[in-house]
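Throughout, a chain's letter reflects where its sequence line sits, starting with A, and its residues are numbered from 1. Heavy-atom basis, side chains included; hydrogens, waters and symmetry copies ignored.
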There are 2 protein chains.
Amino acid sequence: MTSTEPARPAVRPTRQRRAVTAALAAFDDFRSAQEIHDLITRQGDSVGLATVYRALSALADSGEVDMLRSEDGEAIWRRCSDTHHHHLVCRSCGATVEVEGPAVERWTSAIAGEHGYADISHTLEIFGTCPACRVS
Amino acid sequence: MTSTEPARPAVRPTRQRRAVTAALAAFDDFRSAQEIHDLITRQGDSVGLATVYRALSALADSGEVDMLRSEDGEAIWRRCSDTHHHHLVCRSCGATVEVEGPAVERWTSAIAGEHGYADISHTLEIFGTCPACRVS
DNA sequence: CCTGAGTTGACAACGATTCTCAACATCGCT
DNA sequence: AGCGATGTTGAGAATCGTTGTCAACTCAGG
């Protein structure tokens, strides 16, 4: 503890990063980087796709957004609350419900510990058809 | 019911498909299509990469292999027992433990039902560092 | 041996993501 | 405000996993 400095991340609040954050705020469900980029473009802003990826990764690292993989492996993103949780995603319309599962958390670390695995992370996503899409 | 024929899938047990099955049998953990293809090649057999993908997809459809996504979105495959289960995968060496979680199954369908979602599927994978890799 | 349907392989095509690198924007300081 | 150091950006090329294309091929069985 040589000082109280939080290692100065030197992350700058640029126009681009703000645009990405704003776009995320406009969505309630998980979106691909491309969709987010499209929204930004449609709103008149101009931000490079690569920059969108960079911003999203940074936000994911800092825990401000969730990134998960759709069933076909594409990365999809969504702003999130800061607590750990999982998602119930509608396969057809993308509607998302955030769910918490203390039981699952406990179960995964128990299982992992049982087998001597350390430094655990886990993914748990539920896909289904939501009531609205069900009536078709 | 015009007959008892099971819709004759007409899937032929070719040399290539046998090679893929054999390669899968040689692994205990999840491997990418490319690794599987490499193994086949190294064993002297010659099978096109596209064919490996086709065979793996077919096997996955028929439930003979598990396909899941590694943390970076790549598809990885492994032969599997026929019961539904999840995996505890070592991030560094790929060692896999198959785990069952009746509690989790129950939890996911409960959650889904609670929100009116139907036709549920879920993914739950645990990543960590196994004891062997831990000692480094 | 002939024929038809499933299969294959080489390679092009694709799509998501990352890399490259020169031009640019900010920050901290004076 | 002016400066220099350093993080950031954009356009496009480059990667890389995966899928599509299509002519050649392989079986099964008549």
OP1, OP2 of [N] versus side-chain N and O of [X]: anything below 4.0 Å?
X	N	value
T51(A)	dG10(D)	yes
Q16(B)	dG9(C)	yes
R15(B)	dC25(D)	no
T14(B)	dT26(D)	no

Atom pair NE2/OG of H37(A) and S46(A) - distance to nearest 0.5 Å
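If I round to the nearest 0.5 Å, the distance is 7.0 Å.
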Once rounded to the nearest 0.5 Å, what's the spacing between atom CG of L124(A) and atom NE2 of H86(B)?
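Here the rounded value is 8.0 Å.
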Which parts of nucleotides 15-21 of chain C does protein reach within less than 4.0 Å, heavy atoms only, written one letter per nucleotide 5' to 3' as B for base, S for sugar-phosphate only and - for none?
-SBBBB-
Would you check if the side chain of R31(B) reaches a backbone N or O of I36(B) as a donor-acceptor pair within less than 3.5 Å?
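Answer holds: no.
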Are the side chain of R78(B) and the backbone N or O of F27(B) linked by a donor-acceptor pair below 3.5 Å?
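No: the side chain of R78(B) does not pair with the backbone of F27(B).
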Between L56(B) (CG) and dT8(C) (P), how many Å, whole number?
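Computing the L56(B):CG to dT8(C):P distance gives 12 Å.
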Can you tell me how far C1' of dT9(D) sits from NE2 of H37(A), to the nearest Å?
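It works out to 12 Å between those atoms.
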Could you label the plane-to-plane angle of the H87(A) and F30(A) rings as parallel, tilted or perpendicular, counting under 30° as parallel and over 60° as perpendicular?
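Geometry flag for F30(A) against H87(A): perpendicular rings.
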For side chain to side chain contact (heavy atoms under 4.5 Å, CB included), just list the numbers for S57(B) and W77(B), CA-CA rounded to whole Å, side-chain angles, deciding distance to a tenth of an Å, and then say yes or no.
CA-CA 10 Å; S57(B) 308; W77(B) 323 66; 4.2 Å; yes
